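The model shown is predicted, which means the values in this text are computed figures rather than measured ones.
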Amino acid sequence: MILAQIENNLNQLVENFNKQTFIYELLLAYNHPKASITRLQKGGLNLSKIPGEIDWKKKLFFKEVTHEDLHDVIDNAVTNERIIKHDPRFIVVTDFETLLAVDRKTKDTLDIPILEIAKHPDFFLPWAGIEKRQLPTENPADVKAAAKMAKLYDEIRKENPATSPDDIHSLNVFLSRLLFCFFAEDTGIFEKNLFTNSISSHTSQDGSDLHTYLNTLFEIMNTNTSQRNNPPAYLDAFPFVNGGLFRNNHPSPKFSMKSRQLLIECGSLQWRDIHPDIFGSMIQAVVSPEHRGGFGMHYTSVPNIMKVIEPLFLNELKEEFEAAKFEPRRLLKLLERLSKIKIFDPACGSGNFLIIAYKELRLLEIEILQQLQSLQKAATGFEPKQLELIPKAQLTLAAAYQPTLFSRIELSQFYGIELDDFAHEIAILSLWLAQHQMNVKFKEAFNTCNPTLPLQASGNIIHGNATRLNWEVVCSKEADNYIYILGNPPYLGAKELDKQQKGDMDLVFAELGNVKRLDYISCWFKIASDYIFGSEAKYAFVSTNSICQGEQVPLIWPYILLKKEEIFFCHQPFDWENNAKSNAGVTCVIVGVQNIKKDCGKIIYYGAISKQVKNISPYLIEANSIIVHQRVNSLSGFPKMILGSSGFDGGNLLLTVNERLSLINSNPEAEVYIKRFMSGNDFLYDDIRYCLWIDDDQLEEALKIPYIKVRIEKCKEFRLKAGRDARKAADVPHRFFYQTHRDSDGIIFPKTTSGKREYVPTDFVKANTIYSNAVFLIYDADPYIFAILSSRMHKVWMEVTSAKMRSDFRYSVNLTYNTFPFLPITHNQKQELERHVFTIISERENLSEKTLAELYDPKNMPISLRDAHQELDFAIDRCYRSKPFTSDEERLEYLFRLYAQMIEEEKQKNGEIIFEQQNTKKKIRNKYA
DNA sequence: AATCCGACACGGT
DNA sequence: ACCGTGTCGGATT
């Protein structure tokens, strides 16, 4: 899809060819941000001072050549140190007749007349974030077909500006009919090229009569051959298709000469090679131009789909097949079972999950039938072919298990809900295409198969909002069904929902009270849990990991667990990945839920490795399903941890080193209004920044300094335009909005930390320094608190209870610090911990030339420092029990048990009331009770 | 491709 | 009125 778009851009570039802007247009064609190109054009990003050259770091070295030989110039450039100093990906030279280019990474070269650039759209693809080697994983047939369809669609839209939802729906249906015809004439459903040939020979070249022709044709395909009203032979050659595809009257759009030509070109593509699962996602981007850029960003890759369907149902069926391999009765029973399976994707998009599931089931069915045949052959001594010729009475008992050779798996066993009308049409169509492809496979195996035409009912794909529809109406639960719900519903953080989606959540969670901090996807978990309640049905979704971490866990999981449901498999967090241009920056999990089954092994997948466990906690770890609730004070009596100060100032109250210097140079009296400012970054990397820190009673004096006055005014301006809270502080623009600063000793702890460090770098506060809201502070704390925060024990707890961002942790006071279970310790123990803290501090001081980030670099942590931390860990572990812990899993298990015990004791001691107050989610808790 | 955090909206107390 | 949490993120190297 990107290719099509780029090809388009390049064609435009060639049509309006302009030497001055050529190189910028070229960069723009590959979706470089406009702003960057404008800067480049103005010289901002250009590192070369020589006219006619562009040197854009990492991206491009470009040279206009007038008199020299192009090949000499480029050969020279490739090894010229000045030119490759900034590691440009491409070197391009041109005299505006010929264009030469080198891809410095792949060593590919390009040597073409410059006006033919549009024929080589793939050469510069790495600019668009696509490595060429990735292309083969995108099936070329899919890419080409989608690209051509995009062009056709654009042409059609030019002639037929659709406005009403009905028009758009008609166009959606029309496209799906076209796709079917292209596919049909290329895969033996129709005679070879029947559709395209008939259009090219029976419609006029200017396209004027094409729409009426198509209307007639579609009506023919909707009419049983016996009921046709003597149409001309060239129309009668088209079979009766049925299945609903041509049932409703949707007038075809009008065509031009160009669009007719494009349509015929589309027909000549290799439709038989397309993958309905992936193609669907690609074609979906055709009709939503806003999605073309980031095409397919959110479609689920086949490996990820397999990660869902295998543990959800496929592995179990395959195991049964293995176990039943020599028992015909059992095999027949398994076949029967396949026909009772229902697969339901309540966010099906263009149907990827359903198609993959369908194909896998059909393949398994073929295997079972083949096995039955070979059993027969073994029992009777006859080949399956010969068997048909022998009277039944003569057959042995085993041979009587002759399975009838047709597929028992119907598309009507596949259910879906999709919000997008076009995607839903494509899902229906793609299922038919997949069915035909599987019928062909079936025929290869048995030389017979179900007929593809007339089409049978397709999947039950409903166009609608899954959060509002009654799933039991969409996919009814019958006693002998095996129902599997799956999919990859949309992830939308609680703050990114639009009005409609907020309304969806209010409705879905009406009975649970306020759960507005849940991700949108939790709607699917909640409804699915209601759906499978008390039945054999199971569900598994690809989800954002956030619903198994941090504050969302106590919001959604108690509801599911109280329904006596359990997680029976999960995939631990992995990065979202598909072939799209830029993968969504999100970390996913896969969670499978069923009603509690005794003695059923649960499986945790860590990438390719899996582990059988007794229980999977909502945090997706091997542990009891204890849920940690937020609390506003420390369970273990630690001093209060608070967030640093935050400006809401648009950066206007902050100063760089140079800004401070020039301010003090011009106004030495300004120094009293300036303090060091530290965010997490500054504290880890020793970066130095400053901020304006002006008390109310200093304001009048401070405003006399023009620079400060300007900064404060800018801050006010910013706040007036900003959000709800910032606006409130617009009248005090000299102040940080949240001021938590205190002039006293304390401990600082970063809010975001790399998940890769063995220990979280903790430090003591520095005097006269303002800490930003990127760090937490504990003022007036005993040094042993430092010991606890630096410990492995605490890190293990953080890994589970805090939220994650990508692979890093976002520390949380209420979820992690306040819930951390730690037993009271003696004065001596405190002293011992403090000794370890001072060892760590002195080890750091011995290496004071290094930043904290360097000291705690997991690969290069100094041995003396690591030893000091290990000694501390031993001491902390001994505060819990005398027997040493051997692994983090053991630590975690211990912590969970201790947490539950301490919560219980606290409840006993303080009585229900205080517990209620501490339980920040009391409303919800009451609902659960 | 890996790394690591800024800024702020918005719900909750 | 105050405070904490998280971001199908974003910039930088």
So what does [X] hit on the nucleic acid, given a heavy-atom distance under 4.0 Å: a base, only sugar-phosphate, or nothing?
X	value
A:Gly550	sugar-phosphate
A:Pro490	base
A:Thr752	base
A:Lys751	base
A:Tyr817	nothing
A:Thr740	nothing
A:Leu815	sugar-phosphate
A:Phe737	nothing

Spacing between [X] atom [atom1] and [N] atom [atom2], to the nearest angstrom:
X	N	atom1	atom2	result
A:Phe776	C:dT5	CZ	P	6 Å
A:Gln552	C:dG4	CD	C1'	15 Å
A:Asp519	B:dC10	CG	P	16 Å
A:Asn773	B:dA9	CG	P	13 Å
A:Lys57	C:dA11	NZ	P	16 Å
A:Arg89	B:dA1	CZ	P	10 Å
A:Tyr685	C:dT13	OH	P	11 Å
A:Phe718	B:dA7	CZ	P	9 Å

[X] has a side chain; which of [options] sits nearest to it?
X	options	answer
A:Ala774	B:dC4, C:dT5, B:dG6	B:dG6
A:Asn681	B:dG12, C:dG6, B:dC5	B:dC5
A:Lys756	B:dT3, B:dC8, C:dG4	B:dT3
A:Arg517	C:dT7, B:dC8, C:dT5	C:dT5
A:Phe648	B:dT3, B:dA7, B:dA9	B:dA9
A:Lys516	B:dG11, B:dG6, C:dT5	B:dG11
A:Tyr738	B:dG6, B:dG11, C:dC3	C:dC3

Handout entry: Integer angstrom distance from the P of C:dT5 to that of C:dG9
Key =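 Rounded to whole Å, the distance is 22 Å.
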Handout entry: Same-atom distance (C1') from C:dT7 to C:dA11, integer angstrom
Key =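 It comes out at 15 Å once rounded to the nearest Å.
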Handout entry: N or O in side chain of A:Ser772 less than 4.0 angstrom from B:dA7 OP1/OP2
Key =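 Answer is no, no contact under 4.0 Å.
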Handout entry: Side-chain N or O of A:Ser679 closer than 4.0 Å to phosphate OP1/OP2 of B:dC5
Key =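 No, A:Ser679 has no side-chain N/O under 4.0 Å of OP1/OP2 on B:dC5.
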Practice task
Answer yes or no: is there an ion pair linking A:Arg104 with A:Asp87, defined by an N-O contact shorter than 4.0 Å?
Solution key: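 A salt bridge links A:Arg104 with A:Asp87.
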Problem - Under-4.0 Å salt bridge between A:Arg89 and A:Asp103 - result: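 Yes.
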Exercise for the section: Can you check whether any acceptor in the base of B:dC10 is under 3.5 Å from a donor in the side chain of A:Asp725, or vice versa? Expected result: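 By the distance-only test, yes, there is a pair.
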Practice task
Measure distances between side-chain N and O atoms of A:Arg631 and base N and O atoms of C:dG4, and say whether any donor-acceptor pair falls under 3.5 Å.
Solution key: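 Flag unset: no donor-acceptor pair detected.
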Give the ring-plane orientation class for [X] versus [Y], where under 30° counts as parallel, over 60° as perpendicular and anything between as tilted.
X	Y	value
A:His869	A:Tyr759	parallel
A:His794	A:Tyr811	tilted
A:Phe648	A:Tyr738	perpendicular

Problem - 5' priority, DNA chain B, between A:Leu684 and A:Ala726 [closest heavy atom] - result: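 Residue closer to the 5' terminus by nearest nucleotide: A:Leu684.
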Handout entry: A:Arg631 side-chain N/O to A:Asn633 backbone N/O, donor-acceptor pair under 3.5 Å
Key =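 Between the backbone of A:Asn633 and the side chain of A:Arg631 there is a qualifying donor-acceptor contact (under 3.5 Å).
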Problem - A:Gln630 side-chain N/O to A:Leu815 backbone N/O, donor-acceptor pair under 3.5 Å - result: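 Checked: no pair found.
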Problem - Closest-nucleotide ordering on DNA chain C, the 5'-leading residue of A:Lys728 and A:Thr816 - result: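 Looking at the nearest nucleotide for each, A:Lys728 comes out on the 5' side.
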Exercise for the section: Runs of at least three consecutive Watson-Crick or G-U pairs, both distances under 3.5 Å, are what I'm after; which ones involve DNA chain B? Expected result: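 The stems are B:1-5 with C:9-13, B:7-13 with C:1-7.
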Exercise for the section: Decide whether A:Ser679 and A:Arg689 meet the rule of one side-chain donor and one side-chain acceptor closer than 3.5 Å. Expected result: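 Yes.
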Exercise for the section: Taking the six-membered ring for Trp and the single ring otherwise, decide whether the centroids of A:Trp557 and A:Tyr619 are under 6.0 Å apart. Expected result: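 A:Trp557 vs A:Tyr619: aromatic centres not under 6.0 Å.
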Exercise for the section: For salt bridge (Lys or Arg N to Asp or Glu O under 4.0 Å), just list the numbers for A:Arg844 and A:Asp763, CA-CA rounded to whole Å, side-chain angles, deciding distance to a tenth of an Å, and then say yes or no. Expected result: CA-CA 10 Å; A:Arg844 287 187 194 170; A:Asp763 208 350; 3.8 Å; yes
